[in-house]
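For reference, the structure discussed in these notes is given below.
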There are 2 protein chains.
Amino acid sequence: MPGEDRTFWGQETFCIVTGASQGIGRSFAVEFARNFAKNSVIVLLARSFRGLQATNDLIAAANPDVKVILHVMDLYSPNPSEFNKIIAEAAGDVSQFKLAVVVHNAGSLGNCSQLTSEMNDLAEWNRFMSLNLYSVTALTTEFLKIFNSGQRCLVNITSLCAIQPVRSLGYYCIGKASREMYFKTLAEEDPSLDILNYSPGPVNTGMITDLIQSVKSDDTKSMFESMKSNGTLVSLPETTAKAVEVLRKGKYKSGGRVDYFDDI
Amino acid sequence: MPGEDRTFWGQETFCIVTGASQGIGRSFAVEFARNFAKNSVIVLLARSFRGLQATNDLIAAANPDVKVILHVMDLYSPNPSEFNKIIAEAAGDVSQFKLAVVVHNAGSLGNCSQLTSEMNDLAEWNRFMSLNLYSVTALTTEFLKIFNSGQRCLVNITSLCAIQPVRSLGYYCIGKASREMYFKTLAEEDPSLDILNYSPGPVNTGMITDLIQSVKSDDTKSMFESMKSNGTLVSLPETTAKAVEVLRKGKYKSGGRVDYFDDI
């Protein structure tokens with residue numbers, strides 16, 4: 001459970017990060033690992049082996065005492081038994097760890113060239129939700145089977161879009177809203193878990209570039225173009241440092257959300 | 001767009017109601033039709049032909065000037081082109097109608113014998129979301145292709161669970177949260193639409209009986225058992241009358257939510 005003056009960083013930690021080959025996933029993986037005690041293990045999942053290797057090299061430079069395990073995986077096709085096998089093999093005897101963490105970072109914008117009045121493609125829906133919701137619930141389920149007691153933290157990378165609709169970002173808003181409700185319900189059901197929905201702000205990553213290129217709504221396009229040209233996008237080091245600090249302080253209600261712009 | 005002193009009831013109306021063979025769907029279909037002008041058309045969708053026939057008979061008694069069209073359909077397997085065909089055939093020349101309404105009532109509890117920490121069945125997820133989200137977005141899409149201008153109203157039957165997690169009702173909470181975000185985004189994108197997320201309160205229907213029988217959390221079970229034994233569940237006529245009144249007054253922001261217990 002989160003709480004003030006708690007011990008979080010500096011322990012022997014088992015950690016999984018999804019979408020760890022770039023952007024927020026990579027940045028979190030490196031900075032989290034920097035704060036782990038020796039004999040910690042971090043498992044990185046993503047589609048790009050080259051990206052994972054680069055993240056691995058950054059972690060090795062930041063904290064050579066952390067063991068890094070890479071798995072190339074397409075979370076559009078989540079496989080619960082594969083999750084179980086990966087976690088069980090990487091963790092070994094779970095009692096060696098004082099803290100176990102999952103960072104649910106992988107996610108997609110969805111087809112933002114489509115408006116919500118055009119959402120009649122059921123196969124696209126299933127593909128989108130498989131990555132953005134089902135892979136998250138399945139990975140959490142398998143993680144909690146193996147780490148079934150002790151200090152466990154689930155970090156969900158969410159967005160302002162989980163609570164505020166944005167034109168042309170229907171898939172994204174719906175995916176983030178559903179994912180956040182999953183973690184709110186999980187927190188309600190299991191008070192022994194420490195669950196943080198962290199909204200990183202509009203971070204300057206490839207997702208913003210993709211969004212500007214493909215979004216159908218001119219309003220939404222202009223909003224992000226302005227942020228980009230005005231330099232008001234949040235940088236990766238800033239949002240990562242904030243998340244590290246939020247987790248250190250632990251002053252949030254489990255299942256609640258903390259935004260980059262919130263005072264903590 | 002909703003607004004005070006608007007004309008809503010008493011017009012030549014085209015209306016579709018999903019899950020119209022029982023419970024809230026049936027009650028809404030009958031009371032809505034009672035308020036339609038002659039030459040109105042109401043299309044009822046559900047899995048049970050016998051249930052649809054009974055709803056048809058109630059509408060015929062309430063307002064014999066309304067044409068009723070029944071379609072047996074399983075919304076766990078939504079079919080966009082079938083939606084299109086049904087609406088196009090039932091509507092004919094759309095200009096004959098002054099108002100077009102969809103009541104998205106069909107939905108399911110999901111597997112409430114499962115906790116959120118056990119959600120690793122991807123086929124079950126897809127089945128659940130096909131009914132509770134994808135059928136809704138696909139039906140709306142096809143409806144808006146055919147009724148592409150004029151006074152159009154979308155009523156989404158939502159729940160307190162869309163905004164408040166409840167133990168053992170993970171699927172239901174996530175389904176309702178995702179569905180409500182869909183309508184919030186649609187309202188943001190198209191201000192010409194009139195969108196009401198109506199939360200009917202804990203209504204005394206078969207769903208509550210199913211819930212009490214199957215829910216895994218003892219807390220949630222006791223909560224609903226108490227409501228049932230204390231007589232604090234809302235009755236179908238009460239919540240239906242409230243919805244009729246909410247739509248008459250139209251004092252809500254399109255895309256917003258109105259709860260049975262709200263003052264209007």
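All values below come from the heavy atoms of this structure, side chains included, with hydrogens, waters and symmetry mates left out. Below, read A as the first sequence line, B as the second, and so on, with proteins coming before strands; counting in each chain starts at 1.
- Between the side chains of N79(A) and S77(A), no donor-acceptor pair of N or O atoms lies under 3.5 Å.
- A donor-acceptor pair shorter than 3.5 Å cannot be found between the side chains of E118(B) and T141(A).
- Listed options T140(B), L115(B), L144(B) were ranked by heavy-atom pairs under 4.5 angstrom with chain A; first place goes to L115(B).
- Heavy-atom distances place the backbone of A162(A), and not its side chain, under 4.5 Å from chain B.
- We find the CD-CG distance between E188(A) and L169(B) to be 10.5 Å, quoted to the nearest 0.5 Å.
- Most heavy-atom pairs under 4.5 Å with chain B: of the set S135(A), P165(A), P80(A), this distinction falls to P165(A).
- A salt bridge is defined here as a Lys NZ or Arg NE, NH1 or NH2 lying under 4.0 Å from an Asp or Glu carboxylate O, and R167(B) with D218(B) fails to meet this definition.
- In terms of non-hydrogen atom pairs under 4.5 Å with chain A, the most contact-rich of T220(B), D121(B), V136(B), I163(B) is I163(B).
- Counting heavy-atom pairs closer than 4.5 Å to chain A, the top-ranked of the candidates M129(B), M181(B), E142(B) is M181(B).
- N111(A) and S113(A) form a side-chain donor-acceptor contact under 3.5 Å, judged by distance and modelled atom types alone.
- Looking at heavy atoms from C-beta onward, V155(A) lies in side-chain contact with L247(A) at the 4.5 angstrom threshold.
- Heavy-atom pairs under 4.5 Å with chain B were tallied for Y171(A), F143(A), F83(A), Y182(A); the largest tally goes to Y182(A).
- Only the side chain of K145(B) comes within less than 4.5 Å of a heavy atom of chain A; its backbone N, CA, C and O stay farther away.
- The choice from L133(B), D190(B), L139(B) that makes the most heavy-atom pairs within less than 4.5 Å of chain A is L133(B).
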